[in-house]
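The sequence lines fix the lettering, A, B, ..., with proteins before strands; numbering per chain opens at 1.
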Amino acid sequence: MKINFKLNGQKYSLDVEPYEILLEMLRDRVGVKSPKCGCNRGDCGTCTVLLNGKTVRSCLVLAIEIDGAEITTLEGLMADGKLTPLQESFLAHNSFQCGFCASGMLLSTTELLEENPAPSKEEIKETLSGNLCRCTGYTPIIEAISDQAERRNKIWVS
Amino acid sequence: MPIVHDFEYFKPAKITEALRLLSKHKGAAVFAGGTDIINEIKEGIAMPDFLIDIKGLSSLNKIQFKDGKLSIGALVTFSEILKSSVIKKRLPVFAEVARTVGSVGIRNRATMVGNICSAVPCMDSGPLLSAFDAMIIVQSLKSKRRIPIFDWFRGPRKTALKKGELVTGIEITIPKKKNAGCYAKLGRYTGEDLAQASVLVLALADHTYRVAFGSVGPVPIRARQIEELLGEEEITDILIAHAQALIPGIVTPITDIRASKEYRLQMCQVMFERALRTAVSRLAGVGPEYGINVTEQIGGVAV
(Lines give C-alpha, C1' and ligand atoms only; values in the text may rest on other atoms or scores of the structure.)
Protein backbone atom coordinates (compact mmCIF):
# COMPACT_ATOMS: atom_id res chain seq x y z
CA MET A 1 0.00 0.00 0.00
CA LYS A 2 1.22 3.49 -0.80
CA ILE A 3 1.59 5.83 2.15
CA ASN A 4 2.32 9.54 2.25
CA PHE A 5 3.90 11.16 5.27
CA LYS A 6 6.11 13.99 6.36
CA LEU A 7 9.46 13.17 7.90
CA ASN A 8 11.44 16.02 9.44
CA GLY A 9 9.54 18.51 7.30
CA GLN A 10 10.06 16.65 4.03
CA LYS A 11 7.30 14.84 2.13
CA TYR A 12 7.69 11.14 1.40
CA SER A 13 5.69 8.62 -0.58
CA LEU A 14 6.49 4.94 -0.09
CA ASP A 15 5.04 1.55 -0.85
CA VAL A 16 4.89 -0.48 2.36
CA GLU A 17 3.74 -3.93 3.40
CA PRO A 18 1.38 -4.23 6.41
CA TYR A 19 4.00 -6.10 8.46
CA GLU A 20 6.68 -3.41 8.13
CA ILE A 21 7.69 -1.77 11.41
CA LEU A 22 8.15 2.01 11.41
CA LEU A 23 11.61 1.76 13.02
CA GLU A 24 12.86 -0.59 10.33
CA MET A 25 11.34 1.47 7.54
CA LEU A 26 13.00 4.65 8.84
CA ARG A 27 16.42 3.06 9.25
CA ASP A 28 16.59 0.63 6.35
CA ARG A 29 14.48 2.23 3.67
CA VAL A 30 14.66 5.98 4.33
CA GLY A 31 18.15 5.92 5.85
CA VAL A 32 17.33 7.90 8.99
CA LYS A 33 19.59 6.31 11.58
CA SER A 34 18.99 8.22 14.83
CA PRO A 35 16.20 5.90 16.09
CA LYS A 36 17.95 2.77 17.33
CA CYS A 37 16.75 -0.75 17.98
CA GLY A 38 17.45 -1.64 21.60
CA CYS A 39 14.96 -3.93 23.28
CA ASN A 40 12.58 -4.08 20.31
CA ARG A 41 9.57 -4.32 22.66
CA GLY A 42 8.87 -0.78 23.79
CA ASP A 43 10.76 -0.81 27.08
CA CYS A 44 14.08 0.93 26.40
CA GLY A 45 13.15 4.08 24.45
CA THR A 46 16.07 4.07 21.98
CA CYS A 47 13.65 3.94 19.02
CA THR A 48 11.65 6.99 20.19
CA VAL A 49 10.30 9.29 17.47
CA LEU A 50 7.68 12.05 17.55
CA LEU A 51 4.46 11.00 15.80
CA ASN A 52 2.34 14.11 15.28
CA GLY A 53 4.29 15.77 18.09
CA LYS A 54 4.03 12.96 20.64
CA THR A 55 6.72 10.46 21.53
CA VAL A 56 6.04 6.89 20.50
CA ARG A 57 8.09 3.72 20.38
CA SER A 58 8.72 3.28 16.65
CA CYS A 59 9.42 -0.44 17.22
CA LEU A 60 5.73 -0.79 18.15
CA VAL A 61 4.28 1.23 15.27
CA LEU A 62 3.47 -0.18 11.85
CA ALA A 63 4.80 1.83 8.92
CA ILE A 64 1.40 1.61 7.27
CA GLU A 65 -0.15 3.52 10.19
CA ILE A 66 1.72 6.74 9.51
CA ASP A 67 -0.10 7.50 6.26
CA GLY A 68 -0.90 11.21 6.50
CA ALA A 69 1.13 11.69 9.68
CA GLU A 70 4.12 13.77 10.59
CA ILE A 71 7.24 12.12 12.00
CA THR A 72 10.12 13.92 13.66
CA THR A 73 13.38 12.22 14.54
CA LEU A 74 16.46 13.70 16.14
CA GLU A 75 17.61 14.78 12.68
CA GLY A 76 14.54 17.00 12.45
CA LEU A 77 15.04 18.81 15.76
CA MET A 78 17.98 20.83 14.49
CA ALA A 79 17.23 24.02 12.61
CA ASP A 80 19.65 25.14 9.87
CA GLY A 81 22.18 22.55 10.98
CA LYS A 82 22.44 24.11 14.43
CA LEU A 83 22.02 22.20 17.67
CA THR A 84 18.98 23.13 19.74
CA PRO A 85 19.62 24.78 23.14
CA LEU A 86 18.63 21.47 24.73
CA GLN A 87 21.24 19.61 22.69
CA GLU A 88 23.83 22.25 23.62
CA SER A 89 22.96 21.70 27.27
CA PHE A 90 23.43 17.93 26.95
CA LEU A 91 26.80 18.63 25.32
CA ALA A 92 27.86 21.08 28.04
CA HIS A 93 26.96 18.60 30.78
CA ASN A 94 28.75 15.75 29.08
CA SER A 95 25.48 13.84 29.24
CA PHE A 96 26.34 10.94 26.95
CA GLN A 97 29.02 8.31 26.71
CA CYS A 98 28.12 5.81 24.00
CA GLY A 99 25.23 7.89 22.71
CA PHE A 100 22.92 4.98 21.93
CA CYS A 101 20.14 6.42 24.12
CA ALA A 102 20.79 10.03 23.03
CA SER A 103 18.16 10.48 20.35
CA GLY A 104 15.42 8.99 22.51
CA MET A 105 16.46 11.05 25.53
CA LEU A 106 16.43 14.26 23.51
CA LEU A 107 13.05 13.59 21.91
CA SER A 108 11.40 12.60 25.21
CA THR A 109 12.82 15.70 26.86
CA THR A 110 11.75 17.94 23.98
CA GLU A 111 8.17 16.68 24.44
CA LEU A 112 8.40 17.21 28.22
CA LEU A 113 9.66 20.81 28.00
CA GLU A 114 6.97 21.70 25.50
CA GLU A 115 4.24 20.54 27.86
CA ASN A 116 5.92 21.51 31.11
CA PRO A 117 8.49 24.31 30.82
CA ALA A 118 9.56 24.05 34.47
CA PRO A 119 9.66 20.36 35.39
CA SER A 120 10.82 19.23 38.82
CA LYS A 121 13.61 16.67 39.17
CA GLU A 122 10.93 14.07 39.93
CA GLU A 123 9.00 14.97 36.80
CA ILE A 124 12.16 14.71 34.70
CA LYS A 125 12.95 11.31 36.19
CA GLU A 126 9.39 10.14 35.60
CA THR A 127 9.57 11.22 31.95
CA LEU A 128 12.88 9.47 31.42
CA SER A 129 11.75 6.24 33.10
CA GLY A 130 11.02 4.90 29.61
CA ASN A 131 14.45 5.83 28.25
CA LEU A 132 17.20 3.58 29.50
CA CYS A 133 20.85 4.67 29.69
CA ARG A 134 23.48 2.14 30.73
CA CYS A 135 26.50 4.51 30.76
CA THR A 136 25.85 7.70 32.68
CA GLY A 137 23.75 6.79 35.69
CA TYR A 138 21.37 9.54 34.45
CA THR A 139 22.77 12.31 36.67
CA PRO A 140 24.38 14.40 33.87
CA ILE A 141 21.26 13.90 31.74
CA ILE A 142 18.93 15.18 34.45
CA GLU A 143 21.27 18.11 35.17
CA ALA A 144 21.33 19.08 31.49
CA ILE A 145 17.53 19.15 31.39
CA SER A 146 17.13 21.10 34.65
CA ASP A 147 19.75 23.57 33.56
CA GLN A 148 18.14 24.11 30.17
CA ALA A 149 14.66 24.52 31.70
CA GLU A 150 16.01 27.10 34.16
CA ARG A 151 17.79 29.08 31.46
CA ARG A 152 14.72 29.10 29.27
CA ASN A 153 12.49 30.29 32.10
CA LYS A 154 14.94 33.05 33.03
CA ILE A 155 14.87 34.33 29.46
CA TRP A 156 11.08 34.34 29.53
CA VAL A 157 10.96 36.24 32.82
CA SER A 158 13.50 38.86 31.73
CA MET B 1 13.35 -8.12 14.83
CA PRO B 2 11.04 -7.81 11.84
CA ILE B 3 7.57 -9.26 11.81
CA VAL B 4 7.67 -12.55 9.91
CA HIS B 5 3.95 -13.14 9.97
CA ASP B 6 1.99 -11.73 7.03
CA PHE B 7 -1.44 -10.21 7.44
CA GLU B 8 -3.83 -7.84 5.73
CA TYR B 9 -4.40 -4.38 7.14
CA PHE B 10 -7.68 -2.48 7.19
CA LYS B 11 -8.45 0.95 8.57
CA PRO B 12 -12.23 1.38 8.50
CA ALA B 13 -13.71 4.86 8.86
CA LYS B 14 -17.04 3.72 10.32
CA ILE B 15 -17.99 1.37 13.16
CA THR B 16 -20.36 -0.60 10.93
CA GLU B 17 -17.55 -1.16 8.46
CA ALA B 18 -15.27 -2.34 11.28
CA LEU B 19 -17.99 -4.71 12.54
CA ARG B 20 -18.57 -6.06 9.05
CA LEU B 21 -14.85 -6.79 8.67
CA LEU B 22 -14.77 -8.43 12.11
CA SER B 23 -17.75 -10.66 11.34
CA LYS B 24 -16.37 -11.61 7.92
CA HIS B 25 -12.80 -12.38 8.96
CA LYS B 26 -12.68 -14.78 11.89
CA GLY B 27 -8.90 -14.54 12.09
CA ALA B 28 -8.98 -10.78 12.57
CA ALA B 29 -7.47 -8.85 15.45
CA VAL B 30 -8.43 -5.35 16.52
CA PHE B 31 -5.63 -2.85 16.70
CA ALA B 32 -5.62 0.52 18.50
CA GLY B 33 -2.43 1.55 20.35
CA GLY B 34 -0.60 -1.59 19.34
CA THR B 35 1.68 -1.66 22.39
CA ASP B 36 0.57 -5.21 23.21
CA ILE B 37 -0.53 -6.67 19.88
CA ILE B 38 2.57 -5.65 17.91
CA ASN B 39 4.76 -7.37 20.50
CA GLU B 40 2.50 -10.41 20.40
CA ILE B 41 2.73 -10.60 16.61
CA LYS B 42 6.52 -10.18 16.76
CA GLU B 43 6.78 -12.99 19.28
CA GLY B 44 4.38 -15.26 17.42
CA ILE B 45 1.87 -15.29 20.31
CA ALA B 46 -0.73 -13.67 18.07
CA MET B 47 -0.97 -14.56 14.40
CA PRO B 48 -3.94 -12.67 12.99
CA ASP B 49 -4.72 -12.91 9.29
CA PHE B 50 -6.29 -9.48 9.36
CA LEU B 51 -5.44 -6.47 11.46
CA ILE B 52 -8.26 -3.99 11.85
CA ASP B 53 -6.93 -0.58 12.84
CA ILE B 54 -9.76 1.23 14.62
CA LYS B 55 -7.95 4.58 14.91
CA GLY B 56 -10.11 5.91 12.08
CA LEU B 57 -13.27 5.57 14.24
CA SER B 58 -13.22 9.08 15.67
CA SER B 59 -16.41 8.57 17.70
CA LEU B 60 -14.48 6.22 20.00
CA ASN B 61 -12.00 8.90 20.94
CA LYS B 62 -13.98 10.61 23.70
CA ILE B 63 -13.95 10.96 27.46
CA GLN B 64 -17.49 11.97 28.42
CA PHE B 65 -19.26 12.86 31.64
CA LYS B 66 -23.01 12.65 31.12
CA ASP B 67 -26.02 11.77 33.28
CA GLY B 68 -23.85 10.75 36.22
CA LYS B 69 -21.77 8.46 34.07
CA LEU B 70 -18.21 8.57 32.82
CA SER B 71 -17.54 6.91 29.49
CA ILE B 72 -14.12 6.24 28.06
CA GLY B 73 -14.00 5.37 24.37
CA ALA B 74 -11.91 2.55 22.97
CA LEU B 75 -9.37 4.97 21.48
CA VAL B 76 -8.74 7.00 24.64
CA THR B 77 -5.08 6.66 25.61
CA PHE B 78 -3.64 6.67 29.11
CA SER B 79 -1.98 10.02 28.29
CA GLU B 80 -5.40 11.48 27.48
CA ILE B 81 -6.83 10.16 30.76
CA LEU B 82 -3.86 11.60 32.63
CA LYS B 83 -4.25 15.03 31.01
CA SER B 84 -8.06 15.27 31.09
CA SER B 85 -9.12 18.24 33.21
CA VAL B 86 -12.58 16.77 33.82
CA ILE B 87 -11.08 13.50 35.12
CA LYS B 88 -8.68 15.43 37.33
CA LYS B 89 -11.61 17.31 38.81
CA ARG B 90 -14.17 14.53 39.16
CA LEU B 91 -12.34 11.19 39.32
CA PRO B 92 -8.65 11.94 39.92
CA VAL B 93 -7.91 8.34 40.88
CA PHE B 94 -8.28 7.46 37.17
CA ALA B 95 -5.35 9.78 36.45
CA GLU B 96 -3.43 8.29 39.37
CA VAL B 97 -3.77 4.85 37.79
CA ALA B 98 -3.01 6.11 34.25
CA ARG B 99 0.21 7.69 35.49
CA THR B 100 1.61 4.32 36.56
CA VAL B 101 1.16 2.64 33.17
CA GLY B 102 4.41 2.08 31.24
CA SER B 103 6.22 5.26 30.23
CA VAL B 104 5.17 8.41 28.37
CA GLY B 105 5.92 6.89 24.95
CA ILE B 106 3.72 3.89 25.81
CA ARG B 107 0.93 5.96 27.40
CA ASN B 108 0.75 8.13 24.26
CA ARG B 109 -0.44 5.06 22.35
CA ALA B 110 -1.80 2.50 24.82
CA THR B 111 -5.54 2.63 25.55
CA MET B 112 -7.47 1.65 28.67
CA VAL B 113 -9.77 -0.53 26.55
CA GLY B 114 -6.73 -2.23 25.05
CA ASN B 115 -5.43 -2.85 28.56
CA ILE B 116 -8.53 -4.78 29.60
CA CYS B 117 -8.73 -6.58 26.25
CA SER B 118 -5.16 -7.85 26.67
CA ALA B 119 -6.24 -8.83 30.20
CA VAL B 120 -2.81 -9.76 31.52
CA PRO B 121 -3.11 -10.21 35.30
CA CYS B 122 -0.75 -7.31 36.10
CA MET B 123 -2.79 -4.72 34.16
CA ASP B 124 -3.32 -1.46 36.03
CA SER B 125 -6.87 -0.80 34.83
CA GLY B 126 -8.26 -4.01 36.38
CA PRO B 127 -8.50 -3.06 40.07
CA LEU B 128 -9.71 0.45 39.16
CA LEU B 129 -12.53 -0.70 36.92
CA SER B 130 -13.47 -3.46 39.38
CA ALA B 131 -13.77 -0.97 42.22
CA PHE B 132 -16.00 1.28 40.09
CA ASP B 133 -18.23 -1.60 38.86
CA ALA B 134 -17.45 -0.68 35.27
CA MET B 135 -19.52 -1.88 32.33
CA ILE B 136 -17.78 -2.89 29.12
CA ILE B 137 -19.69 -1.76 26.04
CA VAL B 138 -19.45 -4.31 23.25
CA GLN B 139 -20.91 -4.22 19.77
CA SER B 140 -21.25 -6.70 16.94
CA LEU B 141 -23.09 -6.51 13.63
CA LYS B 142 -26.17 -8.09 15.22
CA SER B 143 -26.22 -6.77 18.75
CA LYS B 144 -24.92 -4.46 21.38
CA ARG B 145 -24.29 -5.66 24.91
CA ARG B 146 -22.97 -4.36 28.21
CA ILE B 147 -20.76 -6.71 30.17
CA PRO B 148 -20.19 -6.11 33.89
CA ILE B 149 -16.49 -6.04 34.73
CA PHE B 150 -16.89 -9.16 36.91
CA ASP B 151 -18.04 -11.18 33.93
CA TRP B 152 -15.45 -9.64 31.64
CA PHE B 153 -12.23 -11.21 32.93
CA ARG B 154 -12.23 -14.99 32.44
CA GLY B 155 -8.56 -15.74 33.19
CA PRO B 156 -5.11 -14.54 32.21
CA ARG B 157 -5.44 -13.02 28.71
CA LYS B 158 -9.02 -14.29 28.53
CA THR B 159 -12.12 -12.12 28.33
CA ALA B 160 -15.82 -12.51 27.62
CA LEU B 161 -15.39 -10.96 24.15
CA LYS B 162 -16.69 -13.16 21.35
CA LYS B 163 -15.58 -13.41 17.75
CA GLY B 164 -17.02 -10.61 15.69
CA GLU B 165 -17.38 -8.28 18.66
CA LEU B 166 -15.72 -4.93 19.18
CA VAL B 167 -15.32 -3.13 22.50
CA THR B 168 -16.41 0.44 21.87
CA GLY B 169 -15.85 1.78 25.38
CA ILE B 170 -16.09 1.54 29.15
CA GLU B 171 -18.82 3.09 31.27
CA ILE B 172 -18.70 3.94 34.96
CA THR B 173 -21.52 5.16 37.15
CA ILE B 174 -20.00 7.95 39.20
CA PRO B 175 -20.71 7.41 42.90
CA LYS B 176 -23.29 9.99 44.00
CA LYS B 177 -21.59 10.40 47.34
CA LYS B 178 -18.39 12.32 47.75
CA ASN B 179 -15.50 9.93 47.29
CA ALA B 180 -11.75 9.67 47.15
CA GLY B 181 -9.48 6.88 46.02
CA CYS B 182 -5.92 5.71 46.10
CA TYR B 183 -4.00 3.32 43.83
CA ALA B 184 -0.96 1.61 45.29
CA LYS B 185 1.28 -0.25 42.86
CA LEU B 186 4.35 -2.26 43.67
CA GLY B 187 7.07 -2.36 41.04
CA ARG B 188 10.69 -3.42 41.27
CA TYR B 189 11.77 0.18 40.78
CA THR B 190 10.09 3.54 40.22
CA GLY B 191 8.68 4.04 36.76
CA GLU B 192 7.96 1.74 33.84
CA ASP B 193 7.48 -1.61 35.49
CA LEU B 194 4.65 -4.08 35.57
CA ALA B 195 2.89 -4.47 38.90
CA GLN B 196 3.99 -7.21 41.26
CA ALA B 197 0.90 -6.43 43.26
CA SER B 198 -1.54 -3.54 43.28
CA VAL B 199 -4.50 -2.38 45.31
CA LEU B 200 -7.14 0.25 44.75
CA VAL B 201 -9.21 1.64 47.61
CA LEU B 202 -12.19 3.90 47.13
CA ALA B 203 -13.56 5.66 50.24
CA LEU B 204 -17.10 7.05 50.11
CA ALA B 205 -18.66 9.75 52.28
CA ASP B 206 -21.07 7.31 53.97
CA HIS B 207 -18.08 5.41 55.42
CA THR B 208 -18.37 2.58 52.94
CA TYR B 209 -15.37 1.38 51.02
CA ARG B 210 -14.47 -0.48 47.86
CA VAL B 211 -11.28 -2.50 47.69
CA ALA B 212 -9.78 -4.31 44.68
CA PHE B 213 -6.48 -6.11 44.16
CA GLY B 214 -4.52 -6.66 40.95
CA SER B 215 -1.63 -8.89 39.91
CA VAL B 216 -2.27 -11.31 42.79
CA GLY B 217 -4.64 -13.68 41.01
CA PRO B 218 -5.54 -14.67 37.45
CA VAL B 219 -8.05 -11.80 37.27
CA PRO B 220 -8.60 -8.62 39.32
CA ILE B 221 -10.11 -9.38 42.74
CA ARG B 222 -12.79 -7.33 44.44
CA ALA B 223 -12.38 -7.81 48.20
CA ARG B 224 -16.03 -7.81 49.32
CA GLN B 225 -15.23 -9.42 52.68
CA ILE B 226 -13.02 -6.44 53.52
CA GLU B 227 -15.63 -4.00 52.28
CA GLU B 228 -18.23 -5.59 54.56
CA LEU B 229 -15.88 -5.53 57.53
CA LEU B 230 -14.97 -1.87 57.06
CA GLY B 231 -18.48 -0.75 56.19
CA GLU B 232 -19.73 2.12 58.29
CA GLU B 233 -17.17 1.54 61.00
CA GLU B 234 -14.65 4.07 62.10
CA ILE B 235 -11.22 3.18 60.70
CA THR B 236 -9.01 2.21 63.61
CA ASP B 237 -5.71 0.36 63.84
CA ILE B 238 -7.55 -2.70 65.13
CA LEU B 239 -10.06 -2.66 62.30
CA ILE B 240 -7.24 -2.35 59.76
CA ALA B 241 -5.45 -5.31 61.37
CA HIS B 242 -8.65 -7.37 61.12
CA ALA B 243 -9.00 -6.44 57.46
CA GLN B 244 -5.36 -7.31 56.79
CA ALA B 245 -5.91 -10.71 58.37
CA LEU B 246 -8.57 -11.41 55.71
CA ILE B 247 -6.23 -10.72 52.79
CA PRO B 248 -4.52 -14.18 52.68
CA GLY B 249 -7.97 -15.71 52.12
CA ILE B 250 -8.78 -13.27 49.32
CA VAL B 251 -5.74 -12.98 47.06
CA THR B 252 -3.95 -15.89 45.35
CA PRO B 253 -0.50 -14.62 44.39
CA ILE B 254 2.02 -16.82 42.59
CA THR B 255 5.80 -16.83 42.52
CA ASP B 256 7.26 -15.72 39.20
CA ILE B 257 10.21 -13.81 37.77
CA ARG B 258 9.08 -10.53 39.36
CA ALA B 259 8.34 -11.58 42.95
CA SER B 260 7.59 -14.46 45.30
CA LYS B 261 4.06 -15.20 46.45
CA GLU B 262 5.05 -14.55 50.09
CA TYR B 263 6.40 -11.10 49.26
CA ARG B 264 3.35 -10.26 47.17
CA LEU B 265 1.01 -11.28 50.00
CA GLN B 266 2.96 -9.32 52.60
CA MET B 267 2.96 -6.24 50.36
CA CYS B 268 -0.77 -6.56 49.70
CA GLN B 269 -1.31 -6.10 53.42
CA VAL B 270 1.09 -3.16 53.66
CA MET B 271 -0.25 -1.45 50.53
CA PHE B 272 -3.87 -2.02 51.54
CA GLU B 273 -3.31 -0.09 54.77
CA ARG B 274 -1.51 2.76 53.02
CA ALA B 275 -4.07 3.02 50.23
CA LEU B 276 -6.93 2.94 52.75
CA ARG B 277 -5.41 5.61 54.98
CA THR B 278 -4.55 7.75 51.96
CA ALA B 279 -8.06 7.46 50.49
CA VAL B 280 -9.62 8.33 53.87
CA SER B 281 -7.39 11.36 54.33
CA ARG B 282 -8.06 12.51 50.78
CA LEU B 283 -11.78 12.23 51.44
CA ALA B 284 -11.28 14.46 54.48
CA GLY B 285 -9.47 16.94 52.26
CA VAL B 286 -6.14 16.56 54.02
CA GLY B 287 -4.56 13.74 52.04
CA PRO B 288 -1.51 13.85 49.81
CA GLU B 289 -2.13 14.97 46.24
CA TYR B 290 -3.00 12.36 43.62
CA GLY B 291 -0.09 10.83 41.76
CA ILE B 292 2.23 10.17 44.70
CA ASN B 293 3.47 6.63 45.09
CA VAL B 294 2.28 5.52 48.53
CA THR B 295 4.14 2.23 48.16
CA GLU B 296 7.40 4.16 48.30
CA GLN B 297 6.66 6.25 51.38
CA ILE B 298 8.92 4.96 54.11
CA GLY B 299 6.99 4.39 57.30
CA GLY B 300 3.64 4.65 55.55
CA VAL B 301 1.32 7.59 55.22
CA ALA B 302 0.13 9.48 58.25
CA VAL B 303 -3.55 10.27 58.47
In terms of heavy-atom pairs under 4.5 Å with chain B, which of A/Lys54, A/Met1, A/Lys125, A/Glu20 leads?
A/Lys54

Select one option (side chain, backbone, both, neither) describing which atoms of B/Ile37 are under 4.5 Å from chain A's heavy atoms.
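No part of B/Ile37 comes within 4.5 Å of chain A.
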
Using a cut-off of under 4.5 Å for heavy-atom pairs, which of B/Asn108, B/Asp193, B/Val104 has the most such pairs with chain A?
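Top option by heavy-atom pairs under 4.5 Å: B/Asn108.
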
Output the distance between atom CD1 (A/Ile66) and atom CD1 (A/Ile71), rounded to the nearest 0.5 Å.
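Rounded to the nearest 0.5 Å, the CD1-CD1 separation comes out at 4.5 Å.
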
Just how far is it from atom CG of B/Leu91 to atom CD of B/Glu96, taken to the nearest 0.5 Å?
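Atom-to-atom, B/Leu91:CG and B/Glu96:CD are 12.5 Å apart.
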
Sort and list the pairs that fulfil ring pair (Phe, Tyr, Trp, His ring centres under 6.0 Å) and have at least one residue in residues 22-66 of chain A, not counting sequence neighbours.
none

Residue pairs, two or more places apart or on separate chains, that pass salt bridge (Lys or Arg N to Asp or Glu O under 4.0 Å) and touch residues 18-36 of chain B
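Qualifying pairs: none.
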
Under 4.5 Å, heavy atom to heavy atom, which residues of residues 83-100 of chain A contact chain B?
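Against chain B, none of the residues of residues 83-100 of chain A fall inside the cut-off of heavy atoms under 4.5 Å.
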
Closest non-hydrogen contact found for A/Asn8 with A/Gly76 is OD1-CA, 3.2 Å

Let me know if [X] has heavy atoms under 4.5 Å from chain B in its side chain, its backbone, both or neither.
{"X": "A/Asp43", "value": "both"}
{"X": "A/Glu65", "value": "both"}
{"X": "A/Glu122", "value": "neither"}

Should B/Asp256 and B/Arg264 count as an ion pair when the cut-off is N to O under 4.0 Å?
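A salt bridge is present here (some side-chain N lies under 4.0 Å from a carboxylate O).
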
Sequence neighbours left out, what passes ring-ring contact (aromatic ring centres under 6.0 Å, His included) with B/Tyr9? Give chain and number order.
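B/Tyr9 satisfies ring-ring contact (aromatic ring centres under 6.0 Å, His included) with no residue once adjacent residues are dropped.
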
Residue pair A/Arg57 / A/Thr48, side-chain donor-acceptor N/O under 3.5 Å:
yes

